[in-house]
Amino acid sequence: MALERTLSIIKPDATRRNLTGAINAKFEAAGLRLVAQRRIRLTTAQAEAFYAVHKERPFFRDLVTFMVSGPVVVQVLEGEHAVARNREVMGATNPANAAPGTIRKEFAESIEANSVHGSDSAENAAIEVAFFFAGLDIVG
Ligand code: ADP
Ligand code: MG
């Protein structure tokens with residue numbers, strides 16, 4: 001089975017509460033490896049570009065404001081079925097619907113401030129990884 005890579009973001013609600021390590025422990029326990037990582041402060045233009053797929057959604061402006069409200073950690077996870085595995089470990093978008101033991105169930109504050117982003121398909125993972133990382137930044 002081929003290894004996959006996917007983009008993960010630890011969102012501002014989680015960095016503010018010092019949860020980076022607790023969240024990444026869950027990824028590592030699930031067999032996902034952190035093969036690239038950077039802590040950054042997104043600009044509004046960067047957040048708008050990253051979430052452009054959602055620009056017609058009613059929550060778009062609030063989402064962008066939230067994503068620039070503090071530091072984020074952008075990272076690449078690698079493992080078997082990494083895209084789907086990451087989504088499993090994250091849990092449902094709305095923490096009220098997230099399964100026990102998932103990151104969003106344990107840590108999310110709300111449907112918006114839900115602690116983590118994860119790519120939703122292999123195709124989008126490739127696009128999102130390339131948005132933040134050059135090939136030489138990723139050390140598997
Ligand atoms: P996911 O992050 O689970 O892939 P989406 O891609 O649908 O979810 O949405 C992107 C992000 O937008 C969510 O993680 C969340 O931060 C925010 N969001 C989604 N739906 C809502 C909503 N109904 N109200 C406020 N924010 C939302
Ligand atoms: Mg999504």
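Just so you know, residue 1 is the first one in the sequence shown, and it goes up from there. One-based numbering, in listed order, for ligands and for the atoms of each.
The nearest heavy-atom contact from the protein to atom 3 (O) of ligand 1 is Thr93 OG1, 2.5 Å. Considering only non-hydrogen protein atoms, atom 6 (O) of ligand 1 sits nearest to His54 NE2, 3.0 Å. Among protein heavy atoms, atom 16 (O) of ligand 1 sits closest to Glu112 O, 2.8 Å. Ranking protein heavy atoms by distance to atom 22 (C) of ligand 1, first place goes to Phe59 CD2, 3.5 Å. The protein non-hydrogen atom at the shortest distance from atom 23 (N) of ligand 1 is Ile111 CD1, 3.7 Å.
In this structure, Arg104 is part of the shell of residues with a heavy atom less than 4.0 angstrom from ligand 1.
Between the side chain of Thr15 and the backbone N or O of Pro71, at least one donor-acceptor pair lies under 3.5 Å. Formation of a donor-acceptor pair under 3.5 Å by the Arg87 side chain with backbone atoms of Val83 is not found in this model.
The aromatic rings of Phe132 and Phe50 are tilted relative to each other, their planes meeting at an angle between 30° and 60°.
The residue among Leu63, Ile9, Asn94 with a heavy atom at the shortest distance from atom 17 (C) of ligand 1 is Leu63.
Distances below 4.0 Å separate heavy atoms of Lys11 from the following atoms of ligand 1: 13 (C), 14 (O), 15 (C), 16 (O). For ligand 1, the atoms sitting less than 4.0 Å from at least one non-hydrogen atom of Arg87 are 1 (P), 3 (O), 4 (O), numbered in the order shown with element in parentheses. Short contacts between ligand 1 and Asn114, defined as distances under 4.0 Å to a heavy atom of the residue, involve ligand atoms 13 (C), 14 (O), 15 (C), 16 (O).
Taking the ring axis of Phe133 as reference, the NZ or CZ atom of Arg38 stays within 45° of it and closer than 6.0 Å to the ring centre.
Looking at Arg33 and Glu78, no side-chain N of the basic residue comes within less than 4.0 Å of a carboxylate O on the acidic one, giving no salt bridge.
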- Message: Determine whether Ser115 and Asp13 satisfy the following criterion, side-chain hydrogen bond (donor to acceptor under 3.5 Å, both in side chains), listing intermediate values before the conclusion.
- Response: CA-CA 6 Å; Ser115 303; Asp13 67 286; 2.8 Å; yes
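In this structure, the separation between CD1 on Ile23 and CE on Met90 is 10.0 Å, given to the nearest 0.5 Å.
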